[in-house]
Amino acid sequence: MEIARVVAKRSTCLRRQVGAIIVKEKRILCTGYNGAPAGIAHCGEVGCLREQMQIPSGERHELCRGLHAEQNAIIQAALYGVSIEGGTFYITHRPCVLCAKMICNAGIKKVYFQGDYPDQLAADIFSEAGVELICTGGGKGWNK
């Protein structure tokens with residue numbers, strides 16, 4: 001989890017710094033942090049649309065120029081041809097519903113997280129898919 005926290009320091013998001021790593025067989029396969037796609041201006045340069053529109057956390061994910069840390073980690077694995085099926089995610093915050101669906105489809109079976117994120121539907125999807133969630137502290141646990 002400490003490595004995920006270090007990765008989060010690369011985040012370019014103005015609202016929340018999130019880091020994620022995917023591990024398989026005790027090896028780090030890929031990392032991700034939240035921020036704008038490659039080649040696109042960062043929020044620090046153009047401002048945060050979600051802040052300007054006063055959108056609460058956990059709502060209207062599509063109104064953000066950035067990708068989530070989990071999304072970036074999965075994309076990096078795909079980009080470089082690394083199989084993450086059966087891997088474990090370590091994430092500084094619990095995933096949202098968009099990331100939960102991607103994590104389930106990627107074949108991840110265990111997610112460790114610390115900080116809280118208000119998205120009950122994500123918890124429900126993980127539970128139904130049989131993905132184990134483990135809160136390691138730093139937020140409200142929802143090991144369902």
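Here the structure is a predicted model, which is why all the values come from computation and not from measurement.
- In terms of modelled atom types and a separation under 3.5 Å, the side chain of Thr136 and the main chain of Phe113 share a donor-acceptor contact.
- Listed by chain and residue number, nothing satisfies the salt bridge (Lys or Arg N to Asp or Glu O under 4.0 Å) test with Glu128 (two or more places apart in sequence, or in another chain).
- For the side-chain contact (heavy atoms from CB on, under 4.5 Å) with Ile28, the qualifying choice from Ile22, Val23, Val7 is Val23, the only one to do so.
- Pairing each heavy atom of Cys104 with each of Val131, the nearest pair is SG-CG2, 3.9 Å.
- Applying the salt bridge (charged side-chain N to carboxylate O under 4.0 Å, His left out) test to pairs two or more places apart or on separate chains, those with a residue in residues 10-38 are Arg15-Glu51.
- Every residue two or more places apart in sequence or in another chain was checked for a side chain to side chain donor-acceptor pair (under 3.5 Å) with Thr88, and none qualifies.
- Every residue two or more places apart in sequence or in another chain that forms a ring-ring contact (aromatic ring centres under 6.0 Å, His included) with His61 is listed here: His68.
- Counting all heavy atoms, side chain and backbone alike, Cys13 lies closest to Asn34 at CB-ND2, 3.2 Å.
- Sorted by first and then second residue, the ring-ring contact (aromatic ring centres under 6.0 Å, His included) pairs with a member in residues 1-48 form an empty list; sequence neighbours excluded.
- A pairwise comparison of heavy atoms in Thr12 and Cys43 identifies O-CB, 3.9 Å as the closest pair.
- Residue pairs meeting the salt bridge (charged side-chain N to carboxylate O under 4.0 Å, His left out) criterion with at least one partner in residues 98-112, sequence neighbours excluded, are Lys110-Glu132.
- Contact detail for Ala36 and Ala41: the closest heavy-atom pair is CB-O, 3.5 Å.
- To the nearest 0.5 Å, atoms CD1 (Ile74) and CG (Leu67) are separated by 11.0 Å.
- Residue Val18 is grouped with residue Met102 when hydrophobic side chains (ILVMFWY) are merged at heavy-atom distances under 4.5 angstrom, including chains of intermediate members.
- A 6.0 Å sphere centred on CG of Leu121 holds more than 12 heavy atoms belonging to other residues, nucleotides or ligands.
- Between Cys30 and Val82 there is no side-chain heavy-atom pair separated by less than 4.5 Å.
- Membership of the apolar cluster around Leu63 extends to Leu49, Met53, Ile55, as traced through chained side-chain contacts below 4.5 Å between ILVMFWY residues.
- Annotation: side-chain contact (heavy atoms from CB on, under 4.5 Å) contacts of Glu2 (sequence neighbours excluded): Arg5, Val6.
- Atom CD1 of Ile134 sits about 9.0 Å away from atom CE of Met1, to the nearest 0.5 Å.
- Applying the side chain to side chain donor-acceptor pair (under 3.5 Å) criterion to Asn72, with sequence neighbours excluded, gives no partner residue.
- Note that CG of Leu29 is 9.5 Å distant from CD1 of Ile21, once rounded to the nearest 0.5 Å.
- Partners of Thr31 under the side chain to side chain donor-acceptor pair (under 3.5 Å) rule, at least two apart in sequence or in another chain, do not exist in this structure.
- We find the CG-SG distance between Asp119 and Cys99 to be 9.5 Å, quoted to the nearest 0.5 Å.
- Listed by first and then second residue, the salt bridge (charged side-chain N to carboxylate O under 4.0 Å, His left out) pairs involving residues 52-68 are Arg60-Glu62 (not counting sequence neighbours).
- Annotation: ring-ring contact (aromatic ring centres under 6.0 Å, His included) contacts involving residues 82-102, sequence neighbours excluded, comprise Tyr90-Tyr112.
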